[in-house]
Amino acid sequence: MIELHFQSQLQKRKNPFGSSRVDHPFQTHSDADNVFSQEFHRIQSTLKDIKQDINHQSKGVVVVGEPGFGKTHLMMRLANSRLKTNRLLFIRQPNNPDAIIYHIYSRILESLIRCIPKINYTQLEYLIANSCAKIFQEIIIDNPDLYPKKESKKDQAIIELVKNGNLKLLSFLSSDTQAKRELWEHIENRAYMWWSTNYSTAGYAPEIFKGIIKFCGYRAIDYRRIIREWLAMNDVPQKLLDKVKIASWNKSIDREEVSLEVLKVLGYLSLLDEPLIIVFDQLEGLGREYNQNLLHSFGEAIKEIFTHIPNSLIILNLFPDRWEQFQKEFDDSIVDRISQCQVFLHKPSEEQLIAILNEKSKSINLSIEQIFTPQEIQRILSKNSIRSIINSAADFYNYKIHNIPLPDYLKIDTNSQTTLQNNSNLPNLASDIKQIKELVLKIAEKLNIESNLEVKIEQNSETYIYQETQADVNKIIGDYLNQKYQQIEEEYSESQIITSSDDRGKLEKIFESLKIIQSSLKLDFLTLDRPKKIPDHLVIQTETQGYVIGFLYDGGNAFFSRMTNWNQLVAKNSHLNFYLYRDARGYQVSGEKSMAELDKFKNSDNGEYIVLIKDERITFELLYQIIVDIQNQDFEAKLDEALSIILKRYSHHSLLKIAIEAIGNFEV
């Protein structure tokens, strides 16, 4: 009766072991801080070295560990420890070799406009508040003769304000009244004056610097969105830019060049604040054969970052084999910079693993000894990685509390007398199979049975012990899709930097992966006779058909010119099917000429215009994410099985319809 009551109470609670992976450092998970404490201290010490270095040179750290050993989790601990003082910037794997630095900047901008957990301010606001406080200190107190003394009352008011903490600068200006608006414009002008005195006024850097400060001067979401889109170098209607007094970008800008300028600005601002922490994660895909160009471009981008961005701790999370590959592929100058500190994560001790599980089970106020038997605990701890150990604990918990059958590889025969304590049954079972195999082979030799019998016996024995049923596979992948869909849906409303170049790169990764189902797929791109800017796109060529999928998120004149060139491609390639995507969260297409070109495409025989509404966007991201997670071994599943399941489940979505048609011979 006590056990039934215990079970009924826990059925109402969330599985404490249900979450086994950290997707990015800004998440919150239970953390046993005695695990990898020395490794964490080494990273902290490197950060301290940068701060104390008179030249504030950037340093590199390589964190090396097998899949599921806690690399991203360690970054989460770093975020929890440092977000109130340092800016932590998280960059996932780039996927477009022509836009690496722009990708890095876009992800950095996403990190900066993310609110610090439990605090109602973004990382960018922290950076600007601290920087502006130092700027006014330098202007008014340290070097009063270098700057004009006009409006000294406003200067003194700001100096007095930040005496109670730099964030008072933001809380005082939280309402958009005219008086406070004028005071913030004074801050912008003084900051620009400081920039002009200390750095060059040439290039894009001064405008970017002003734009960053403007973002923090507004509390209204609509105004912030305008500046955010401008900072992302997206085309924003001029009538909206006029509201925040920003000039539109030149149509001929090089986004890679401007992105590097922005990163320099952030590095210079960090000299007034604290060193930046730049984390590169999920880099497994860079080492694949079809990504050679991407890998080399990434190496060159990292070199540029070390060369031009001061005061930064640059961390690369890598698998051991990927780190070996990087050392062979990159030149010595890159390797030396990124590996000034090397941190290796190995499997924790049994005591530490138990501490990790107990940290998880705190949410239900029980220790693992109260939940599992000693035999079950040993079975759980026998797995190779931290993630697989937590996953096994989750499976046993579901079995005991919710009566969900265990996967075959975890089942324990509790009724058999041959089942031994401490998980010793598997070695004995393997020994028994070996003896049986030897006897059968002797019989086979006498009877002259086919010579490959040994291989068959080995395969069958492995299948008997380890193979999961198809139902188990479907459930594991289905549970992943449900959980990941919910996560992406929750993040959909957050501030995100959506770019056509990034989506084009994701699309290429998806169709490269689909080659595992249909090897005859060929990927390419189109050009016009004269070099003209056209939408980011990918050509998918099968043996019988061709598909061109493009992304066009620009607005204004940029949309018109790219749309015009796109229509030329459509007319020139009537044998291809063209699809053009635009994200629903972007600004609506306006202007008579732009609308006319868009209608021309919609009315073409081989063109289809598709708006990526919420459900379509989530499905696109879900398909991309499951590929990345499997390749990074963050999710244990076979890629072909996962792709088959997701194509069947979401076959009604436009992009997956195209994929299914391109693959051919695929039963939905």
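When a residue number appears, it is its place in the shown sequence, counting from 1. Side chains included, hydrogens not; waters and symmetry mates left out as well; all remaining heavy atoms used.
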Judged by atom type as modelled, is there a donor-acceptor pair below 3.5 Å linking the side chain of [X] to the main-chain atoms of [Y]?
X    : Y    : result
Q123 : L88  : yes
E284 : F319 : no
E490 : Q487 : no
S111 : R107 : yes
R77  : A32  : yes
H24  : F26  : yes
H103 : R92  : yes
Y581 : L655 : yes

Lys/Arg N to Asp/Glu carboxylate O, [X] vs [Y], below 4.0 Å:
X    : Y    : value
E376 : R379 : no
R585 : D583 : yes
K614 : E489 : yes

State whether [Y] and [X] meet the cation-pi test: NZ (Lys) or CZ (Arg) under 6.0 Å from the six-membered ring centroid, and within 45° of the perpendicular axis.
X    : Y    : value
K360 : F17  : no
R224 : F215 : yes
R114 : F90  : no

Hey, what do you get for [atom1] ([X]) to [atom2] ([Y]), rounding to the nearest 0.5 Å?
X    : Y    : atom1 : atom2 : answer
Q370 : N365 : CD    : CG    : 9.5 Å
D395 : K400 : CG    : NZ    : 13.5 Å
I549 : R504 : CD1   : CZ    : 11.0 Å

Checking [Y] against [X]: is there a side-chain donor and acceptor pair closer than 3.5 Å?
X    : Y    : answer
N34  : Q352 : no
N632 : Q282 : no
D629 : Y480 : yes
N391 : S20  : yes

(message) Can you confirm if the aromatic rings of F280 and F298 lie within a centre distance of less than 6.0 Å?
(response)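 Yes, close enough.
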(request) Output all residues satisfying ring pair (Phe, Tyr, Trp, His ring centres under 6.0 Å) with Y587, sequence neighbours left out; order by chain, then residue number. (result)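 Once residues adjacent in sequence are excluded, Y587 has no partner under the ring pair (Phe, Tyr, Trp, His ring centres under 6.0 Å) criterion.
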(request) Answer whether the closest heavy-atom distance between the side chains of L10 and Y397 falls below 4.5 Å. (result)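 Counting from C-beta outward, L10 and Y397 do come under 4.5 Å.
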(request) Report yes if some heavy atom in the side chain of V279 is under 4.5 Å from a heavy atom in the side chain of I277; otherwise report no. (result)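 SC-SC contact between V279 and I277 confirmed.
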(request) Would you sort out whether D23 and Q27 count as a side-chain hydrogen bond (donor to acceptor under 3.5 Å, both in side chains), showing the intermediate values? (result) CA-CA 7 Å; D23 295 298; Q27 290 180 327; 3.3 Å; yes
